[in-house]
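Quick notes on the structure that follows.
This chain uses plain numbering: 1 for the first residue, then up along the sequence. On a predicted model such as this, the values are computed, not experimentally measured, just so you know.
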Amino acid sequence: MRFLLLLVGAVTLLATSSCHSTSQLPAQTLQHPQARELLRTWRHSQEEDQGAVQVYRPATYAFPPARGREGYTFAAGGQLTKLAIAPTDGTLPLPGHWRWVNARALHLTFGDSSQQDARLEVLELSPDVLKIKVLEPR
């Protein structure tokens with residue numbers, strides 16, 4: 001009887017872990033060792049970019065004046081808000097989702113057809129800086 005209960009439990013666990021529903025996003029997004037450092041609002045510090053490497057700083061950083069700054073807000077559960085520059089130089093929030101693809105890459109998806117999904121290589125992540133390279137789209 002114990003064996004049967006154990007078998008049923010194992011089959012149920014395997015069946016539910018292979019599903020890719022949005023209810024499983026928190027576990028997928030937070031299992032990365034640096035996931036908690038990512039969970040904040042990051043603004044693009046384009047003054048610090050080096051070639052294809054884009055530099056982002058926490059929204060609380062003392063940025064020099066600029067006509068708008070793009071950015072991202074990464075939230076627990078895989079929720080994402082891309083902070084685009086609006087036509088009036090304000091912020092245009094675009095909702096989406098994020099997940100770790102592997103130890104160094106993020107996949108971003110957007111419901112808005114004007115935004116392409118993206119894959120980002122995370123080159124550096126600390127409480128003070130996020131350095132990325134856009135892998136897709138190019």
So, for Gln46 and Ala66, which heavy atoms are closest and what is the spacing to 0.1 Å?
NE2-CB, 4.1 Å
In terms of hydrophobic clustering (I, L, V, M, F, W, Y; side-chain heavy atoms under 4.5 Å; direct or indirect links), are Val55 and Leu120 co-clustered?
no
Please list, chain by chain and in numerical order, all residues satisfying salt bridge (charged side-chain N to carboxylate O under 4.0 Å, His left out) with Lys131, sequence neighbours excluded.
Glu124
To the nearest 0.5 Å, tell me how far His107 NE2 sits from Arg99 CZ.
6.0 Å
Using a 4.5 Å cut-off on heavy atoms from C-beta on, say whether the side chain of Val122 contacts that of Leu38.
no
Is Asp128 reaching over with its side chain to a backbone N or O of Arg57, donor-acceptor style, under 3.5 angstrom?
no
Is there a chain of hydrophobic side chains (I, L, V, M, F, W, Y, each step under 4.5 Å between heavy atoms) that links Val134 to Leu108?
yes
Min side-chain heavy-atom separation Val101-Arg119 under 4.5 Å:
yes
4.5 Å side-chain heavy-atom contact, Tyr72 and Thr41:
no
How about CD on Glu47, more than 12 heavy atoms from neighbouring residues, nucleotides or ligands closer than 6.0 Å, or not?
yes
For Ser45 against Arg69, the heavy-atom pair lying closest together:
CA-NH1, 3.8 Å
To check you understand the geometry: which heavy-atom pair defines the closest contact between Leu39 and Ala76, and what is its length?
CD2-N, 3.7 Å
Do Leu130 and Gln54 come within less than 4.5 Å of each other through their side chains, counting heavy atoms only?
no
Any sub-3.5 Å donor-acceptor pair from Trp98's side-chain atoms to Ala75's backbone N or O?
yes
Measure the CD-CG distance between Glu136 and Asp117 for me, rounded to the nearest 0.5 Å.
9.5 Å
I need the single residue from Phe63, Tyr56, Tyr61 that forms a ring pair (Phe, Tyr, Trp, His ring centres under 6.0 Å) with His44. Which is it?
Tyr56
Pairwise distance CD1(Ile85) to CG(Leu92) - rounded to 0.5 angstrom
10.5 Å
Could you grab the distance from atom CG of Leu94 to atom CD of Glu70, nearest 0.5 Å is fine?
9.5 Å
Do Phe110 and Leu83 sit in the same hydrophobic cluster, where Ile, Leu, Val, Met, Phe, Trp and Tyr count as joined when their side-chain heavy atoms come under 4.5 Å apart?
no
Test item: His97 and Gln79 side chains (from C-beta on) under 4.5 Å apart, heavy atoms:
yes
Set of residues satisfying side-chain contact (heavy atoms from CB on, under 4.5 Å) with respect to Arg40, sequence neighbours excluded:
Glu37, Trp42, Pro58, Pro127
